[in-house]
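Below is one structure, written out as structure tokens; the observations come after it.
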Amino acid sequence: VGHLLLERDQYFVSVPMSGKVAVINALNGELQRLIPVGNEPYALAASAGYIWGFDGRSSNVFAIDRRLKIYRRSSIDALPDYIIAALGVESVLGDRIAVISSLGELLLLNPEAFVSNQPSRAVTHRLDLATLTNTTVSSPRNLGSVGAGIFQTSDLLITYTSRGAVAFELNAINDLPLSPLWVLKSAASIGTLTAHQGYLWSTSNQGLRRFDWPTSGQGLDVDAPQVE
């Protein structure tokens, strides 16, 4: 199983080895449909009324509509690798999809460019997270774990890789250049990262860790991670 996404009382589950996306009723657990998408579907996101899926072997992207059918197939221009994490984000300029590539690059995508069959206009922003956090994001097929992800709070978009996290103000994600609010370089491995009750929590094969909430240029001092 790749990724799981809850949207419209339905679970969308990517199954890379089968080339399908499973749709499960969130209320009763019944399998509603298996959507054949081909290749190895991996990261999933909801944006602009569609479920967006990203292939785990290439730069290919597909959109599933409300009829649970493939509406559009496309690709991300100038992407030499593939997408391993994705999240639909609402911005002041409209819907966006934030994605992290297997090389640790953050891209902001305009889904309307794919819908209108203009993929060359889809990428609005790019930022090298791997360089910012001194980390390398490896293939999930090699590790069995991605070590990268994206989540949103009320006012922040937070991205992370296996060795750090980078936060952006939601009301500034359309600015050029894309400028982080803070950058965390962690001494400990990060497998997953989330926010809860005013703290950041990370899990990995090294255990569960709790960090104080960073502010601009300040922050996490547990296990002496570096913050810029």
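The basis for the numbers below is simple: all heavy atoms, side chains too, and nothing from hydrogens, waters or symmetry mates. Small disclaimer: the values here were computed from a predicted structure and weren't measured.
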What's the verdict on side-chain contact (heavy atoms from CB on, under 4.5 Å) for Leu68 and Gln10, showing C-alpha distance, side-chain angles and the deciding distance? CA-CA 11 Å; Leu68 302 182; Gln10 295 170 314; 4.1 Å; yes
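- Every residue two or more places apart in sequence or in another chain that forms a side-chain contact (heavy atoms from CB on, under 4.5 Å) with Glu90 is listed here: Asp95.
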Would Trp213 and Leu200 count as a side-chain contact (heavy atoms from CB on, under 4.5 Å) if you check the C-alpha gap in whole Å, the side-chain angles of each, and the deciding distance to 0.1 Å? CA-CA 6 Å; Trp213 191 264; Leu200 284 174; 3.3 Å; yes
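- Judged by distance alone, with hydrogens and angles left aside, the side-chain atoms of Asp65 form no donor-acceptor pair with the main-chain N or O of Tyr71 at under 3.5 Å.
- When the side chains of ILVMFWY residues are joined at heavy-atom separations under 4.5 Å, either directly or via intervening members, Val15 and Ile64 end up in two distinct hydrophobic clusters.
- A side-chain contact (heavy atoms from CB on, under 4.5 Å) with Leu108 is found for one member of Ile97, Val99, Val123, Thr124 and no other, namely Thr124.
- No side-chain heavy atom of Phe54 sits less than 4.5 Å from a side-chain heavy atom of Pro41.
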Apply side-chain hydrogen bond (donor to acceptor under 3.5 Å, both in side chains) to residues Ser189 and Ser162 and explain how you reach the verdict. CA-CA 6 Å; Ser189 175; Ser162 60; 5.8 Å; no
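- Side-chain contact, Ser59 with Ser75: no donor N or O sits under 3.5 Å from an acceptor N or O.
- For residues 116-134, every residue pair satisfying the salt bridge (charged side-chain N to carboxylate O under 4.0 Å, His left out) rule, not counting sequence neighbours, is listed here: Glu105-Arg126.
- With rounding to the nearest 0.5 angstrom, the CD1 atom of Ile83 is 12.0 Å from the OH atom of Tyr42.
- Side-chain rings of Trp201 and Phe211 stay apart, their centers remaining 6.0 Å or farther from each other.
- Counted by atom type alone, Thr161 and Thr133 present one or more donor-acceptor pairs between their side chains at under 3.5 Å.
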Please report the C-alpha distance between Tyr82 and Ser101 in whole Å, then the side-chain angles of each, then the deciding distance to 0.1 Å, and finally whether the side-chain contact (heavy atoms from CB on, under 4.5 Å) criterion is met. CA-CA 5 Å; Tyr82 50 91; Ser101 77; over 6 Å; no
Stepwise side-chain contact (heavy atoms from CB on, under 4.5 Å) check, Ile76 with Phe114: CA-CA 9 Å; Ile76 303 173; Phe114 293 124; 4.1 Å; yes
Review item, side-chain donor-acceptor pairs of residues 167-181, under 3.5 Å, at least two apart:
| unit_1 | atom_1 | unit_2 | atom_2 | d |
| --- | --- | --- | --- | --- |
| Asn174 | ND2 | Ser91 | OG | 3.0 |

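- Two residues are said to be in side-chain contact when any heavy atoms from C-beta on lie closer than 4.5 Å; Ile24 and Glu30 fail this criterion.
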